[in-house]
2 protein chains.
Amino acid sequence: MPEPIYRRIYEDLRRQIENGELRPGAQLRTEIELRDHYEASRNTVRDAIKLLITRGLVETRPGQGTFVVKKMEPFVTTLTGPPDSSSGEGDTYKKEVGELRRPSNTSPEVQIHMAGSEPATDELQLSEGTTVVSRHQQCFIDDTPWSLQTSFYPMSLVERGARRLIQAGDIKGGTVAYLKEALGIKQAGYHEAITVRAPDDVESAFFKLAEDGGVSIIETRRTAFDEQGTPVRLTVSVYPADRNQFAVNVGKVPPEIEDPSSISRPPGARSDASTATETERNG
Amino acid sequence: MPEPIYRRIYEDLRRQIENGELRPGAQLRTEIELRDHYEASRNTVRDAIKLLITRGLVETRPGQGTFVVKKMEPFVTTLTGPPDSSSGEGDTYKKEVGELRRPSNTSPEVQIHMAGSEPATDELQLSEGTTVVSRHQQCFIDDTPWSLQTSFYPMSLVERGARRLIQAGDIKGGTVAYLKEALGIKQAGYHEAITVRAPDDVESAFFKLAEDGGVSIIETRRTAFDEQGTPVRLTVSVYPADRNQFAVNVGKVPPEIEDPSSISRPPGARSDASTATETERNG
DNA sequence: GGGTATTTGTCCGTATGTATT
DNA sequence: AAATACATACGGACAAATACC
């Protein structure tokens, strides 16, 4: 068996999708029709469709059929910006979205944690037994769930006078401005770690992701520091990878490039690196 | 059928993996044993295992069995750095990594493209009919395939005297230094777009990813500009998400945080060094 | 609202091929 | 060579979701 049947079917369907015979949104023939067409069993056809799903090319809708995926216009988050501009509570996010899309978010929910029992201990350099405040938000764009954000603050900030950190609800002007006003803490910079992983059950439900895997989660952990190098906040954000992009600007960059609203790269373009590899293998 | 059988089996096995009953590297019971244990058919057990595979929790080896995956130590790439970072930095990083990890890469392969027929046209602001040089590399760490990189340069740079761009093989000192030396072009900054998507077949093969999906690909597109704001290079890199992390530093950040070699990441032991693969380091 | 046809989802049993030990 | 374990492939049955009349 030089090449499995389900893989030959997969490659034939993929070719039809990639050269435009099957356009985004189009419906594939039913599993029964494909079974007859390829003279294979329905289960073998289904194996080919599963491969197409894991490659992100099609989606199945029970009772309806199998469809070529329509990709959403991705939302671009710029990770680099003035070091004191990241509020961790959606202000930069609102600003970047601009006029065309309608962002909204839930009112922050506040919780108190013991350090060591939650995942901010390392980044905030806390010792055992100290407490941490978390403020959690759900963010939407055009009523589509877009991200989940949780900011962690050492409880010592509250004890020093930043009482509003433990009150639920928005802090007008953002927490960066509030901390500066209340305690004179100026945010001097931040470090952000970016990872990609599979969604957990909560994320899968909130973002309405298919259970069968396809979509990954992008997690960013932004640790903000004051001018003495003391960590003052950790913001953990999770984004579904199918509707988000990120941008980084370093040095002098033309303004029309730096501003993400002017660039939109429609997805579907294939990886340059891999096409190069393919050519190399063939040549 | 409130919850499918294969899903209940999946949940049970996942629980055993996540709470340590099944440790990384351990072998699961065979499909036959699992069939008897759960009183289901072997195909149903296999459906559960497929879910575990797409979640990145196990891997199957024909003739051997099914094993809990050992997570590799992630490699951290810092996206922010001096905008004109030349090759000297790359060498430093290489040395720093070199103790524990051995980075290597293939010699760059050169191709000539017509603009419009390949995907660098937008970023390099090329008109129809102009030509582009691409330089492609495969990068490894400890003999593990780590990334694929392709840099695109307008052919006009070659015509102005940067002949070595169209010669295969390393450019000693890096291309940034070479362009400055040969043409007086100083790299003033860059813009980087980061996306996550499913792997294609070439990437799946090169990175040895499971065919059944699970692992996503991180694609970065770095457009570099000279001091006049003219794009001089586009570098497209693809990384498998299961062995890569990224970092961004903005403003004033404590050195022990900015340099990841001194901090320990949550999942594993040490994650040392930010990356710079030796040649074609495009700061 | 109800009923029916269509389409995908789940589950089973079986047979055979391929890789590893 | 033989045994073991996963991979592929088939056919059948019923359930669940959806669309349409």
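Since the model is a prediction, treat every value here as computed from it, not as a measurement. Naming: A, B, ... by sequence-line order, numbering from 1 per chain.
For the pair B:Ile53 CD1 and D:dC6 C1', the interatomic distance rounds to 10 Å; values are reported in whole Å. Taking atom CD1 on A:Ile5 and atom P on C:dG17, their separation rounds to 13 Å, with Å as the unit. Spacing between atom CZ of B:Arg46 and atom C1' of C:dC12 amounts to 15 Å, rounded to whole angstrom units. At whole-Å resolution of the value, CZ in A:Arg35 and P in D:dG11 are 8 Å apart. Here D:dA5 presents its P atom at 10 Å from CZ of B:Phe67, a figure rounded to the nearest Å. Here the P atom of nucleotide D:dA15 and the CD atom of A:Glu31 are 18 Å apart, to the nearest Å. We find that CD of A:Glu39 is positioned 16 Å from C1' of D:dG11, with the value rounded to whole Å. When rounded to the nearest whole Å, the span between CZ of A:Arg8 and P of D:dT8 equals 14 Å.
If you check C:dT8 for Watson-Crick or wobble pairing at under 3.5 angstrom, you find it paired to D:dA15.
Not counting sequence neighbours, the partners of A:Ser134 by the side chain to side chain donor-acceptor pair (under 3.5 Å) test are A:His113. In this structure A:Glu59 satisfies the salt bridge (Lys or Arg N to Asp or Glu O under 4.0 Å) test together with A:Arg61, sequence neighbours excluded. Residues meeting the side chain to side chain donor-acceptor pair (under 3.5 Å) test with B:Asp12, sequence neighbours left out: B:Arg15, B:Gln16, B:Tyr38. Scanning for ring pair (Phe, Tyr, Trp, His ring centres under 6.0 Å) contacts around A:Phe206 gives A:Phe140, with sequence neighbours left out. Scanning for side chain to side chain contact (heavy atoms under 4.5 Å, CB included) contacts around A:Ala198 gives B:Arg55, with sequence neighbours left out.
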N/O-N/O pairs, protein side and nucleotides 18-21 of chain D side, under 3.5 Å:
residue, atom, partner, partner atom, Å
D:dT18, O3', A:Gln64, NE2, 3.4

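Along DNA chain D, the nucleotide nearest B:Leu28 and the nucleotide nearest A:Ala40 are compared for position; the residue whose nucleotide lies closer to the 5' end is B:Leu28. Two residues, A:Gly65 and A:Asn43, neighbour DNA chain C, and the one matched to the more 5' nucleotide by heavy-atom proximity is A:Gly65.
Nearest to the side-chain atoms of B:Thr60 among the listed nucleotides D:dC6, D:dA13, C:dC11 stands D:dC6.
Listed pair B:Thr44 / C:dC12 meets the phosphate criterion, a side-chain N or O lying under 4.0 Å from OP1 or OP2.
Looking at heavy atoms from C-beta onward, A:Ile53 lies in side-chain contact with A:Ile49 at the 4.5 angstrom threshold.
Under 3.5 Å, the side chain of A:Arg42 and the base of D:dA9 form no donor-acceptor pair of N or O atoms.
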As a quick check of understanding, evaluate side chain to side chain contact (heavy atoms under 4.5 Å, CB included) for B:Arg243 and B:Thr144, giving each step before the final call.
CA-CA 10 Å; B:Arg243 63 198 75 157; B:Thr144 303; 3.9 Å; yes
